[in-house]
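Written out below as structure tokens is the structure these notes cover.
We use all heavy atoms of the structure for the numbers below, so side chains are in, but hydrogens, waters and symmetry mates are not. Just so it is clear: chains get the letters A, B, ... in the order the sequence lines come, proteins before strands, and each one is counted from 1.
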Amino acid sequence: MKKTVRVTKLLFTTPPLRQVFNEQVWEIVARVPKGKVVTYGQIAAMIPRPRGVGVKHFRAARARWVGGAMASCPSNLPWHRVINVQGKISVRSNNKHHLLQRQRLEDEGILFGAGGRIDLHVNRWRPRK
DNA sequence: GAGATGACGTCCA
DNA sequence: ATGGACGCCATCT
């Protein structure tokens with residue numbers, strides 16, 4: 001039997017002040033230059049831990065919180081430059097956006113390898129600080 | 001009000 | 001390199 005039930009239960013949490021957290025995420029997304037990509041965890045690591053959230057929980061959940069923020073990302077931001085740590089595009093049930101995301105990245109000169117993976121060593125955005 | 005449904009990453013065998 | 005376990009639920013139908 002799989003224990004995914006309990007894991008799933010713990011997996012999907014939301015930050016205390018969702019809107020505030022989301023805005024912090026979007027602010028970072030807005031800074032990603034054309035032709036570069038960032039991962040969910042990378043963005044998460046740039047955001048300070050909110051008061052009242054345990055260290056352990058924050059570390060475990062923050063990457064997914066970023067995903068949650070991206071689900072309602074303003075369309076004027078370069079949302080397509082956010083991918084997962086595998087170098088792949090994270091799919092929602094809506095694979096239409098998946099195709100659009102790949103198209104936009106290719107238009108910026110980003111190459112996709114076998115299995116639809118992007119080489120993060122080459123394309124990862126490394127902010128000054 | 002109940003049920004389905006979520007843009008992930010790290011650590012350890 | 002690869003696979004599995006684990007990590008404080010809220011929101012929309």
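Under the side-chain contact (heavy atoms from CB on, under 4.5 Å) criterion, A/Arg117 pairs with A/Lys88, sequence neighbours left out. Partners of A/Asn84 according to the side chain to side chain donor-acceptor pair (under 3.5 Å) rule, which considers only residues two or more places apart in sequence or in another chain, are A/Ser90. With sequence neighbours excluded, no residue forms a side chain to side chain donor-acceptor pair (under 3.5 Å) with A/Glu27.
Under a hydrophobic clustering in which Ile, Leu, Val, Met, Phe, Trp and Tyr are joined whenever their side-chain heavy atoms come within less than 4.5 Å, directly or via other members, A/Trp26 and A/Trp125 fall into the same cluster. Grouping the Ile, Leu, Val, Met, Phe, Trp and Tyr side chains by contacts below 4.5 angstrom, directly or via other members, places A/Leu100 apart from A/Ile83.
Following rounding to the nearest Å, A/Asn22 (CG) and B/dA7 (C1') show an atom-to-atom distance of 12 Å. Spacing between atom NZ of A/Lys88 and atom C1' of C/dT2 amounts to 12 Å, rounded to whole angstrom units. To the nearest angstrom, C1' of C/dA10 lies 14 Å from CG of A/Leu17. B/dG9 atom P lies 13 Å from atom CD1 of A/Ile47, rounded to whole Å. Rounded to an integer number of Å, the gap from A/Phe58 CZ to B/dT10 C1' is 15 Å. In this structure, NZ of A/Lys56 is placed 13 Å from C1' of B/dT10, rounded to the nearest angstrom. In this structure, CZ of A/Arg64 is placed 16 Å from P of C/dC6, rounded to the nearest angstrom. For the pair A/Arg18 CZ and C/dC8 P, the computed distance is 19 Å after rounding to whole Å.
Taking the side chain of A/Thr39 as heavy atoms from C-beta on, and the options B/dG9, C/dC8, B/dA7, the nearest nucleotide is B/dG9. In this structure, the nucleotide among B/dA7, B/dC8, C/dG7 sitting nearest to the side chain of A/Ala60 is C/dG7. The side chain of A/Thr14 sits closest to C/dA10 out of C/dA10, B/dG9, B/dA7. The side chain of A/Thr13 lies closest to C/dC8, out of C/dC8, B/dG9, B/dA7. If you check B/dT10, C/dC8, B/dA7 against the side chain of A/Met70, the one that comes closest is B/dA7.
Residue-level contact check: A/Trp65 touches neither bases nor backbone, having no heavy atom under 4.0 Å from any strand. Using a 4.0 Å heavy-atom distance criterion, A/Val82 is classed as making no nucleic acid contact. Using a 4.0 Å heavy-atom distance criterion, A/Arg62 is classed as making no nucleic acid contact. Within the nucleic acid shown, A/Gln86 has no heavy atom closer than 4.0 Å to any nucleic acid atom.
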Secondary structure of DNA chain C in dot-bracket form (Watson-Crick or G-U wobble, distances below 3.5 Å, | marking inter-strand pairs): .||||||.|||||
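Comparing C/dC6 with B/dG6, their P atoms sit 24 Å apart, to the nearest whole Å. Comparing the P positions of C/dG7 and B/dA4 gives a spacing of 25 Å, expressed to the nearest Å. Comparing the C1' positions of C/dA10 and B/dG1 gives a spacing of 15 Å, expressed to the nearest Å. For the P atom pair drawn from B/dA7 and C/dA5, the interatomic distance equals 23 Å after rounding to whole Å.
Taking the side chain as every heavy atom from C-beta outward, A/Leu111 and A/Asp119 never approach each other to under 4.5 Å. A heavy-atom distance below 4.5 Å is not found between the side chains of A/Ile28 and A/Gln42. A 4.5 Å side-chain heavy-atom check between A/Arg124 and A/Thr39 finds at least one atom pair inside the cut-off. With a 4.5 Å cut-off on side-chain heavy atoms, A/Lys34 and A/Arg81 count as touching. The side-chain heavy atoms of A/Val53 and A/Pro15, taken from C-beta on, include no pair separated by under 4.5 Å. With a 4.5 Å cut-off on side-chain heavy atoms, A/Arg104 and A/Pro78 do not count as touching.
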For nucleotides 11-13 of chain B, tabulate all protein N/O to nucleotide N/O atom pairs closer than 3.5 Å, reporting atom names and distance.
none

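Annotation: proximity of residues 117-124 of chain A to DNA chain B (heavy atom, distance under 4.0 Å) is found for no residue.
Remark: A/Ile43 CD1 to A/Gln24 CD distance equals 12.0 Å, nearest 0.5 Å.
Exactly one residue among A/Tyr40, A/Phe12, A/Phe21 makes a ring pair (Phe, Tyr, Trp, His ring centres under 6.0 Å) with A/Trp65. That residue is A/Phe21.
Ring-base stacking between A/Phe12 and B/dG6 is satisfied, the centre separation being under 5.5 Å and the plane angle under 30°.
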